[in-house]
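Below: the structure, in structure tokens.
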Amino acid sequence: MGTKNWNEQFENLRINGARLQKTIEISAKIGGTENNGVQRCSATDEDKEMRDIFAGWVKDCGCELTIDEMGNMFAVRPGKNRDLGAVMTGSHLDTQRPGGRFDGILGVLAGLEVMRSINDAGIQLERDFILVNWTNEEGGWYPPACMGSGVWMGNITKEWAYDRKDRDGKTLFGDELERIGYKGDFPCDHKKWNVEAAYELHIEQGPVLWTEKIQIGAPKGILCLHWYDIWLEGTANQVGPTPMKNRNDALLAFSEMNVVVNKVAHQMGDMVATVGEIQNYPNSRNIIPSKVHFTVDIRSWDDDHAIEAWRLMKKEFEMIAERRGCPIKTEEFWKVEHAPFDKALWDRVVESAEELGFSSRRMVSGAGHDMSEVNKVTRGAMIFVPSIDGRSHVEVEDTPWEDCTRGGDVLLRCILKTASEV
Ligand code: GLV
Ligand code: MN
Ligand code: MN
């Protein structure tokens, strides 16, 4: 293997930052919120509108577009030697509810900008270049996250994914994907693709690069993501006449459990754990809560460490449930193992940043990404750019345009290098 097809034209090629900005600004209008964010959950009308535009853009680039059974969109730019494994990039165009303009979107639209720039330069790559829009990375309306890449990789089945309900429990993901016209025919299976390497450009979504004023982040991999559901049964009653000592208050039991989640994460260290979602029933100010559902998200570089944390949390939950007279049910909902990236590609990200004169830093990704799944079936790596004030999964999520351009240039260089390896 060698980059023998690398040449001066590649050396001097850069993306068009102004065009990338314009493309992201068009995207930001679809599902755009009053506070400058975007609400565009997977399998909704807004998702369809964005997908239709994206499909037009990649067709204008001369790509073959394949839509698989999970709605994953693969835009293929043929290379000289179609028997060689492709170089892939992409991320997701769906958002949190509401989310920002950059999470996932930057990775897809910078990938598009890379493709446009390679086209403008009239370059034919040795390898196929595949740009992907993965379906439902956020799981914002239909949990879990990384659904499209998860089915593609084989972590979950497509039938299970189709049966996921929206957070109000009213619609099924598979039905809505079909309704918007993006339940494709092509098998959702990584074995149908020959991928040599994959890169994902993403905003960091944390404070490290911004605080340290570093331009490019090179994660060594992604923490594991373990998701659990917990249901508590209390006894509803009139709040006035019911003495404090005779209550089975499900919300009170939950409150103690939330503190346990935080305590265990602190005590064990090297992990984060969060209760992010809770439903309280009947949610009335003068009825003792009779039912609570909540979620726990545990992340660590060490999967066993995260599993041990859950064991300790669950043990304490059961003691609290017993003491408060609130029967408990727990379920593991979803799990993605930690994803250590390919060392050579990880080095390539750092080396490319250096060659372009950008400051860079090795780090780890606390956020989950489609690369958590993709990396398990091919060589993978990610490129991070700073998030202003480390904010993400919020409408104010922002990244300076110069940083988006820098990230796009590193992505371009990594793609050109891998595409030149024959
Ligand atoms: C994905 O957005 C995550 O939860 O990290
Ligand atoms: Mn993302
Ligand atoms: Mn996200």
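Atoms within each ligand, like the ligands themselves, are counted from 1 in listed order. The basis for the numbers below is simple: all heavy atoms, side chains too, and nothing from hydrogens, waters or symmetry mates.
- The residue Ala145 has no part lying near ligand 1, judged by heavy-atom distances below 4.0 Å.
- Note on His92: counted as a metal contact of the Mn ion (ligand 2), an N/O/S atom lying under 2.8 Å.
- Side-chain contact, Ser387 with Gln205: no donor N or O sits under 3.5 Å from an acceptor N or O.
- Side-chain N/O atoms of His393 and Glu138 include a donor and acceptor closer than 3.5 Å.
- Any N or O atom pair closer than 3.5 Å counts here, and Asp103 shares no such pair with ligand 1.
- Residue Glu137 approaches ligand 1 through these ligand atoms, each under 4.0 Å from one of its heavy atoms: 1 (C), 2 (O).
- Side-chain contact of Thr171 with Arg179: a donor-acceptor pair under 3.5 Å is absent, judged by distance alone.
- When hydrogens are left out, the protein atom nearest atom 3 (C) of ligand 1 is Arg299 NH2, 3.4 Å; that is the closest non-hydrogen contact.
- Of all atoms in ligand 1, numbered sequentially from 1 with element shown, those under 4.0 Å from a heavy atom of Gly368 are 1 (C), 3 (C), 5 (O).
- Taking the ring axis of Trp210 as reference, the NZ or CZ atom of Arg391 does not stay both within 45° of it and closer than 6.0 Å to the ring centre.
- The distance from atom CD of Glu373 to atom CD1 of Ile156, rounded to the nearest 0.5 Å, is 7.0 Å.
- With a 4.0 Å heavy-atom cut-off, ligand 1 is reached by no atom of Gln205.
- At least one cation-pi condition fails for Lys192 and Phe74: the charged atom is not both under 6.0 angstrom from the six-membered ring centre and inside a 45 degree cone around its axis.
- Using the six-membered ring where Trp is involved, His202 and His92 have ring planes that are tilted, between 30° and 60° apart.
- When the N, O or S atoms of Asp103 are ranked by distance to the Mn ion (ligand 3), OD2 comes first.
- For His393, every heavy-atom contact with ligand 1 shorter than 4.0 Å involves the side chain, none the backbone.
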Criterion ring-ring contact (aromatic ring centres under 6.0 Å, His included) on Phe254 and Trp231, from CA distance to verdict: CA-CA 9 Å; Phe254 157 74; Trp231 293 267; over 10 Å; no

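- On a distance-only criterion, Glu138 and ligand 1 share at least one N/O pair closer than 3.5 Å.
- If you number the atoms of ligand 1 from 1 as listed, the ones under 4.0 Å from a heavy atom of Ala367 come out as 5 (O).
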